[in-house]
Amino acid sequence: MSYQENIYKVTKAIPKGRVTTYGAIADFLALGSARMVGWALNNCHTFGDVPAHRVVNRKGELTGRLQFPTPTIMQERLEAEGIKVIKHKVVEFEDRFWHPSEDLKQKNFGA
DNA sequence: ACCGTGACGTGTC
DNA sequence: TGACACGCCACGG
């Protein structure tokens with residue numbers, strides 16, 4: 001079980017219509033560095049389907065959009081879930097924000 | 001083994 | 001508030 005798989009598990013656990021941050025995932029998994037989350041998500045295509053579009057930086061900006069097959073995929077998928085994106089930023093980000101500890105405890109994660 | 005790089009975050013200026 | 005520097009950790013050259 002690599003730490004990357006944990007990152008993917010958390011990412012897959014993000015509720016539809018909500019978003020979280022690299023830092024929140026790193027904090028929940030005690031990785032010590034949010035960069036690891038970005039790095040792992042950059043290679044997520046090799047691990048199957050991961051809703052990486054729901055992970056943004058601490059300001060709610062879609063900083064990872066350029067890593068998708070096309071730069072518009074991330075925004076399109078978010079908007080398809082009801083999340084408004086303006087100027088590459090999630091609208092009402094603080095209200096859309098979801099922290100792993102908010103929900104994973106009831107999903108028996110890591111047990 | 002050393003150095004640079006990166007889908008990040010926090011602290012300063 | 002915005003720009004910059006620095007710390008962070010894994011990976012490739």
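Numbers restart at 1 for each chain; the letters A, B, ... are given by sequence-line order, proteins then strands.
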Interatomic distance where CG belongs to A/L31 and P belongs to B/dG9 [whole Å]: 12 Å
Cluster overlap A/L66 with A/Y22, hydrophobic side-chain contacts below 4.5 Å: no
Start and end of chain A contact along DNA chain C [non-hydrogen atoms, under 4.0 Å]: C/dG7 to C/dC11
Connected via hydrophobic side-chain network under 4.5 Å: A/V91 and A/V55: no
Non-hydrogen atoms of A/A34 and A/A26 that approach each other most closely: CA-CB, 3.8 Å
Nucleic acid contacts - residues 36-71 of chain A versus DNA chain C, non-hydrogen atoms under 4.0 Å: A/M36, A/W39
Span that lies between the P atom of B/dA7 and that of C/dG2, in whole angstrom: 22 Å
Salt bridge (charged side-chain N to carboxylate O under 4.0 Å, His left out) partners for A/R18, two or more places apart: A/E102
Ring geometry between A/F47 and A/Y8 (parallel below 30°, tilted from 30 to 60°, perpendicular above 60°): tilted
Heavy-atom side-chain proximity of A/T20 to A/H99 below 4.5 angstrom: no
Contact summary for A/G17 and A/R96, nearest pair of heavy atoms: O-NH1, 3.0 Å
Residues within residues 77-85 of chain A bordering DNA chain B, heavy-atom distance below 4.0 Å: none
5′-ward residue of the pair A/A34/A/Q4 relative to DNA chain C: A/A34
Shortest non-hydrogen separation from A/N42 to A/Q67 and the atoms involved: OD1-OE1, 3.7 Å
Hydrophobic cluster partners of A/V90 (side-chain heavy atoms under 4.5 Å): A/V19, A/V56, A/L62, A/F68, A/I73, A/M74, A/L78, A/I83, A/V85, A/F93, A/F97
Partner set under salt bridge (charged side-chain N to carboxylate O under 4.0 Å, His left out) for A/E81, not counting sequence neighbours: A/R54
